[in-house]
Amino acid sequence: MLVLKRKVGETIMLGDQIEVQILAIEGESVKIGLTAPSHIQILRKELYESIRQENILAGQPAAQGEQLIHLLGNLKKSNKQD
Amino acid sequence: MTHEQPYFALQSDVYGTLQVNEEQVFEFQKGIIGLQEIQRYALFQLESTPFSILHALDAQISFILIPASEAVEQYGFRIDDETAELLRVAHPEEVVTMLVVNVIEDRIYVNLKAPILLSPTNRSGVQFVIHDQELPVRYPLSSGSKEEITDAGA
């Protein structure tokens, strides 16, 4: 890991287009300003991890096609009957 | 022969051979969170269900999606300018909101925190994270969570 020391108001460049600026230090917290192109996803790591894990699970369905479609079809039927 | 082949076959480990029309291909410039490198997906409507499959063209990754309007009531959020720009849309009406479905032990869940937004016109897509509301990543789509609400009034 690269470690840099910066003062409030100072900026770090990641490549040509991503800027990380230290805006303020408030007690235990550091306020950071981020500027990046629109295709770069910026998220707090905890949130990133929870969505990533859910996506990975959803993206590789455990059931096979027919079984899965059957299951999804059943859901609709049970909705209709109620 | 310069006649263009409008269809191509996609080999899916889960669904077998899928015929893809170019009209079904969506570009996800940002990828899907955790799968950033996969940017091209094809969308298939599953017959006689409200569900669709979003299948990666270049990987064995596929998501089941359901239109948010079919799954939950009173679901709304603001889209930021960057997302509108990424989807190349000018008005919110041009965006279709889908939820990622997760089937776990025969139960069906949807991700309300990070919906998939699609622009059918531009064939662009993005996974949008809703920051202005506390929403669950895994919300149970019990047999008729939507119907329960309507039934209650009947």
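Note on naming: letters A, B, ... go to the chains in the order of the sequence lines (proteins, then strands), and numbering restarts at 1 for each one. Heavy-atom basis, side chains included; hydrogens, waters and symmetry copies ignored.
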Relative to chain A, which segment of [X] carries a heavy atom at a distance below 4.5 Å: side chain, backbone, both, or neither?
| X | result |
| --- | --- |
| B:V137 | both |
| B:I33 | both |
| B:E85 | side chain |
| B:E47 | neither |
| B:H131 | side chain |
| B:L54 | neither |
| B:D13 | backbone |
| B:L35 | side chain |

Hydrophobic cluster identity match, B:L117 and B:V25, side-chain contacts under 4.5 Å: yes
Check the pair B:I130 / B:Y75 against side chain to side chain contact (heavy atoms under 4.5 Å, CB included), numbers first and verdict last. CA-CA 11 Å; B:I130 300 171; B:Y75 184 64; 3.4 Å; yes
Rounded distance (nearest 0.5 Å) linking atom [atom1] of [X] with atom [atom2] of [Y]:
| X | Y | atom1 | atom2 | result |
| --- | --- | --- | --- | --- |
| B:I32 | B:I61 | CD1 | CD1 | 9.0 Å |
| A:N55 | B:N102 | CG | CG | 9.0 Å |
| B:M98 | B:N111 | CE | CG | 14.0 Å |

A:I56, part contacting chain B, at a heavy-atom distance under 4.5 Å: side chain
Side chain to side chain, B:L141 and B:I66, heavy atoms closer than 4.5 Å: yes
What I'd like to find out is whether the side chain of B:L99 reaches to under 4.5 Å of the side chain of B:V72, using heavy atoms alone. yes
